[in-house]
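Presented below is the structure to which this report refers.
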Amino acid sequence: MISSVQDGKCVVIEKTPERQDVYDVSGNRLALSNHFRSEGLKDTPLNRKNIARSDSRFRLERIEELASENSPISIEKMVAILRDRQLNGGQDLGLANPMAINQQIAHHSVVFLPEKLQMWISTGEWGYGEWVCYDVGAILRGEKSFDGELTSENIIPADSLFRKNELPKLLQYRSLKHRLCARNVDSLAIFNPSNWESYSAAGDFYRASDRGKALDAYRKALRLPMTDGDCEVLRRKIEELEND
């Protein structure tokens, strides 16, 4: 992405190993997730398959929805959008869901305010911690000396509700996924009941030992939002167990 304060716009250069194109818009909002949108690349077979089967389009739809609802977008509103964990329309996706804008995996996030040469950087907890403002413009304009500290007082506070209510559940959920056993496998859905992956992981665990429990878990997963690609995989697992 390249932005120009003088021109008041930004464009995105999209590349594959063989081709490249530029995505530009005539309006004042350019949104992207993880698929191509330029004229030269948006209709390639691989990109169409990615849009149809992956989680990328769901994130883009939610970004567009929230951007429209919150226009004009302030820095605080942009950070709130980057913290969002819901599907288009506000449907709950649970925690660590790849369909969400924030799926609690990003090392850091950044919001730029080019006309003031300021940027806000998330400091931890996948965007739910404090966002610290770095006033690069003040340095370049000579308003303050560079002494190794660029942080201004304009800090966006951490999401205290996430820290209190959701973070402990998220940490427990992720810990359990890495050490599943007969004693704890059903706890995945306790800590993360709205994410289909809780039930899918339980189904995978039971698949070799308890056909009935595996089928029950897979069917519960199918009742929750998921991509077409994931749905296809789950239905195939159910069919295999039913025909076994």
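Hydrogens, waters and symmetry mates play no part in the numbers below; they use all other heavy atoms, side chains included. Sequential numbering from 1 along the given sequence is applied to the chain's residues.
At least one side-chain heavy atom of R207 sits under 4.5 Å from a side-chain heavy atom of E240. D135 places none of its side-chain heavy atoms less than 4.5 Å from the side chain of L117. Within the 4.5 Å cutoff, the side chain of L82 has no heavy atoms near those of the N102 side chain.
When ring centroids are compared, Y128 and F162 come within the 6.0 Å threshold.
Residues W126 and Y173 fall into different hydrophobic clusters, defined by Ile, Leu, Val, Met, Phe, Trp and Tyr side chains chained together at heavy-atom separations under 4.5 Å. Residues Y23 and M1 are members of one and the same hydrophobic cluster, defined by side-chain heavy-atom contacts under 4.5 angstrom among Ile, Leu, Val, Met, Phe, Trp and Tyr. Hydrophobic clustering (ILVMFWY, side-chain heavy atoms < 4.5 Å, transitive): I156 and M78 are in one cluster.
For E239, the CD atom is loosely surrounded, since the number of other residues' heavy atoms within 6.0 Å does not exceed 12. Summarising the local packing, CZ of R183 is surrounded by 12 or fewer heavy atoms from other residues, nucleotides or ligands at distances under 6.0 Å. Taking a 6.0 Å sphere around CG of N28, one finds it holds 12 or fewer heavy atoms contributed by other residues, nucleotides or ligands. Around atom CD of E242, more than 12 heavy atoms belonging to other residues, nucleotides or ligands sit under 6.0 Å away.
The backbone N or O of A96 lies less than 3.5 Å from a partner atom in the side chain of Q104, making a donor-acceptor pair.
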Evaluate the criterion salt bridge (charged side-chain N to carboxylate O under 4.0 Å, His left out) for residue pair R62 and D84; output intermediate values, then yes/no.
CA-CA 9 Å; R62 183 60 171 165; D84 187 78; 2.8 Å; yes
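In plain terms, the two heavy atoms of A221 and M226 that are nearest each other are O-CE, 3.0 Å. Across all non-hydrogen atoms, the minimal contact from L170 to L95 is N-CD1, 3.7 Å. Closest approach of L30 and C10 over heavy atoms only: CD1-O, 3.5 Å.
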